[in-house]
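One is the number of the first residue; the rest follow in order along the sequence. Keep in mind that this is a model prediction, so the values were computed, not measured. Heavy atoms only: backbone and side chains are in, while hydrogens, waters and symmetry mates are out.
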Amino acid sequence: MEQMFYENSSKYGFDETVSKLSELIAEGGWRVIQILDLQEIMKKNGKDILPVKVIELCNPGYAYRLLSDNSLRLYSNMLPCRISVYEKADGSTYVSRMNAEMLSSQIGGVAQKVMTDAFKDAELFIKKVSVN
């Protein structure tokens, strides 16, 4: 069975990985909706963790195909797409994401096409910052 989540090592440090991904996302015609700083959120709640940021990204064309059809709005909880950037105790930076292509194969139809296309776009962004 395919993996539900993928993880790649980044060839850059934490902040540079977040910055480069943000640039690549914009260059690819997508929008960065927001970047959640989970380390800062946890710090505000008295918890200390290594750096973690979640980039929420959206391709308005893909999103419209799901959101404009009442029968597909059910999948709106999958929007926006997310890419996580984090450090581990080994000091390296990693990038992870959900395998939306695998998940969408269980749905089929237009939703599968949209989610697969979005996944493939995100893979191109991630490949440009990855070691492997």
Side-chain angles (χ1 to χ4, degrees):
M1 177 193 282
E2 284 186 82
Q3 291 179 256
M4 180 56 90
F5 295 90
Y6 290 128
E7 177 182 73
N8 293 74
S9 297
S10 176
K11 55 186 166 186
Y12 304 106
F14 179 78
D15 290 328
E16 191 172 4
T17 299
V18 172
S19 177
K20 289 212 178 274
L21 278 171
S22 297
E23 291 170 14
L24 291 165
I25 289 164
E27 289 169 8
W30 286 63
R31 307 288 180 269
V32 172
I33 303 301
Q34 70 176 329
I35 299 176
L36 300 169
D37 186 338
L38 300 185
Q39 182 186 39
E40 186 62 32
I41 291 169
M42 295 303 291
K43 185 182 284 187
K44 289 178 182 177
N45 288 282
K47 308 292 183 197
D48 187 34
I49 62 167
L50 292 170
V52 181
K53 289 189 178 179
V54 178
I55 303 170
E56 292 188 338
L57 57 149
C58 179
N59 179 302
Y62 292 150
Y64 180 78
R65 290 184 64 194
L66 294 179
L67 299 174
S68 64
D69 183 329
N70 281 330
S71 68
L72 299 176
R73 291 175 70 95
L74 166 70
Y75 306 110
S76 61
N77 61 1
M78 297 295 295
L79 306 175
C81 298
R82 290 171 181 82
I83 297 173
S84 184
V85 178
Y86 48 91
E87 285 184 3
K88 289 186 179 181
D90 66 4
S92 296
T93 299
Y94 297 85
V95 179
S96 71
R97 67 279 186 200
M98 183 173 52
N99 184 344
E101 183 176 37
M102 185 178 103
L103 176 63
S104 70
S105 71
Q106 304 300 307
I107 299 168
V110 173
Q112 180 179 4
K113 173 75 172 130
V114 170
M115 291 170 71
T116 296
D117 289 348
F119 175 76
K120 288 179 178 178
D121 285 0
E123 286 300 292
L124 294 174
F125 306 145
I126 293 167
K127 183 179 182 180
K128 292 180 180 178
V129 301
S130 295
V131 172
N132 48 355

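- With a 4.5 Å cut-off on side-chain heavy atoms, V95 and S84 do not count as touching.
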With side chain to side chain donor-acceptor pair (under 3.5 Å) as the test, would you mind laying out the steps for Y94 and N8 before giving the verdict?
-> CA-CA 6 Å; Y94 297 85; N8 293 74; over 6 Å; no
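- Taking each heavy atom of V129 and K20 in turn, the nearest pair found is CG1-CB, 4.0 Å.
- Counting heavy atoms from C-beta outward, Y86 and T93 have side chains that stay 4.5 Å or more apart.
- Connectivity analysis of hydrophobic side chains (ILVMFWY, heavy atoms under 4.5 Å, direct or indirect) links I33 to nothing; its cluster partners are none.
- Residues passing the side-chain contact (heavy atoms from CB on, under 4.5 Å) test with L79, sequence neighbours excluded: A63, L66, L67.
- Residue pairs meeting the salt bridge (Lys or Arg N to Asp or Glu O under 4.0 Å) criterion with at least one member in residues 87-96, sequence neighbours excluded, are E7-K88.
- A distance of 6.5 Å separates CD of E27 from CD of E23, quoted to the nearest 0.5 Å.
- Residues L38 and F14 do not share a hydrophobic cluster, clusters being chains of Ile/Leu/Val/Met/Phe/Trp/Tyr side chains in contact below 4.5 Å.
- A distance of 10.0 Å separates OG in S130 from OH in Y12, rounded to the nearest 0.5 Å.
- Taking each heavy atom of V32 and I35 in turn, the nearest pair found is CG1-CG1, 3.9 Å.
- With contacts defined as side-chain heavy-atom distances shorter than 4.5 Å, the pair F5/R97 does not qualify.
- The CD1 atom of I83 sits 4.0 Å away from the CD1 atom of I126 when rounded to the nearest 0.5 Å.
- Residues M4 and M98 meet the side-chain proximity criterion, which asks for heavy atoms closer than 4.5 Å.
- Identified under the side-chain hydrogen bond (donor to acceptor under 3.5 Å, both in side chains) test for residues 70-79, with sequence neighbours left out: D69-S71.
- Residues satisfying the side-chain hydrogen bond (donor to acceptor under 3.5 Å, both in side chains) criterion with T17, sequence neighbours excluded, are S10.
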Less than 3.5 Å apart, which donor and acceptor atoms pair up between the side chains of residues 46-58 and the rest of the protein, not counting sequence neighbours?
residue : atom : partner : partner atom : Å
E56     : OE1  : Q34     : NE2          : 2.9
E56     : OE2  : R82     : NE           : 3.2
E56     : OE2  : R82     : NH2          : 3.3

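- Across N99 and Y6, no two heavy atoms sit closer than the pair ND2-OH, 3.0 Å.
- Sorted by first and then second residue, the salt bridge (Lys or Arg N to Asp or Glu O under 4.0 Å) pairs with a member in residues 28-40 form an empty list; sequence neighbours excluded.
- No side-chain heavy atom of V18 sits under 4.5 Å from any side-chain heavy atom of D15.
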Please tabulate, for the side chains in residues 106-121, all donor-acceptor contacts under 3.5 angstrom to protein atoms that are two or more places apart in sequence or on a different chain.
residue : atom : partner : partner atom : Å
K113    : NZ   : D117    : OD1          : 3.2
K113    : NZ   : D117    : OD2          : 3.0
T116    : OG1  : S104    : OG           : 3.3
T116    : OG1  : Q112    : O            : 2.8
D121    : OD2  : W30     : NE1          : 3.1
D121    : OD2  : Y62     : OH           : 3.0

